[in-house]
Amino acid sequence: MSTPPPQYQNQPPYGQPQQPYGQPQPPYGYPQQPQAPYGYPQQPQAPQGPQRPRPGGPLRVVKSAAVVIAVFGALAWYVYDYNTDPNGGKAKAEAAASAQASEDATHDPNIGDCVKVKDPQGEPLPTIVDCGSSEAEYKTADKLLGPDQKCDSKYAYGIQVHQSHQLDYTLCFTKV
């Protein structure tokens, strides 16, 4: 007969199961959990009680749905209010654009309009006025299209208008 191999320190006796490779070894002095040898059935686990539902399951769904509805409701209200409020939002932007357009129209005379000129020696700004009023200084007589056009000597005053992305022109005026 043969003799068993020699015993090494911290090695279980021959025939006893060993820890699988890479598994931490229990510290010295603590009892090991008994394991069934390879190929033998494991001992059945003690039955556990009934599984309890996760805390807050249905309530969590209701809370989440309420938050989503509140966010979409606030967004919908903002869009509605922006488009319908007569004192703000879209109406305010449209009113500002309309006011700017009417302001620009008072400074863009057509032929035959009477104007008063603010700052005629610096940056002249013609403003349309009633031809019968005492403010009327000049009457628009001609509009010369193109850059650097000069008014003839028959006109009393001329203003060159330079606009970005539009055609430059010169306004020629006669005295009222």
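What you see below is based on every heavy atom in this structure, not just the backbone, and it leaves out hydrogens, waters and symmetry mates. This structure is a prediction, so every number in the text was calculated from the model and none was measured.
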Keeping the roles fixed (side chain from [X], backbone from [Y]), state whether a donor-acceptor pair exists under 3.5 Å.
{"X": "S98", "Y": "E94", "result": "no"}
{"X": "D85", "Y": "Y82", "result": "no"}
{"X": "N83", "Y": "V79", "result": "yes"}

Contacts under 3.5 angstrom, residues 124-138 side chains, donor-acceptor by atom type, not counting sequence neighbours:
{"unit_1": "T127", "atom_1": "OG1", "unit_2": "H107", "atom_2": "ND1", "d": "3.3"}
{"unit_1": "S133", "atom_1": "OG", "unit_2": "D130", "atom_2": "O", "d": "2.9"}
{"unit_1": "S133", "atom_1": "OG", "unit_2": "E135", "atom_2": "N", "d": "3.4"}
{"unit_1": "E137", "atom_1": "OE1", "unit_2": "V117", "atom_2": "N", "d": "2.8"}

State, yes or no, whether a side-chain contact exists between Y78 and D81 at a heavy-atom distance under 4.5 Å. no
Those residues at least two apart in sequence (or on a different chain) that pass side-chain contact (heavy atoms from CB on, under 4.5 Å) with V161 are I159, Q163, Y169, L171
Applying side-chain contact (heavy atoms from CB on, under 4.5 Å), name anything that partners Q160, two or more places apart in sequence or on another chain.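 Once residues adjacent in sequence are excluded, the partners of Q160 under the side-chain contact (heavy atoms from CB on, under 4.5 Å) criterion are D148, K150, H162, T170.
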Connected via hydrophobic side-chain network under 4.5 Å: L59 and I69: no
Same cluster or not: are V176 and V115 linked, directly or through other Ile, Leu, Val, Met, Phe, Trp or Tyr residues, by side-chain heavy atoms under 4.5 angstrom apart? no
On a heavy-atom basis, the closest approach of P109 and T140 is CB-OG1, 3.6 Å
Please lay out, stage by stage, how D142 and L144 fare under the test side chain to side chain contact (heavy atoms under 4.5 Å, CB included). CA-CA 6 Å; D142 200 2; L144 306 173; 3.4 Å; yes
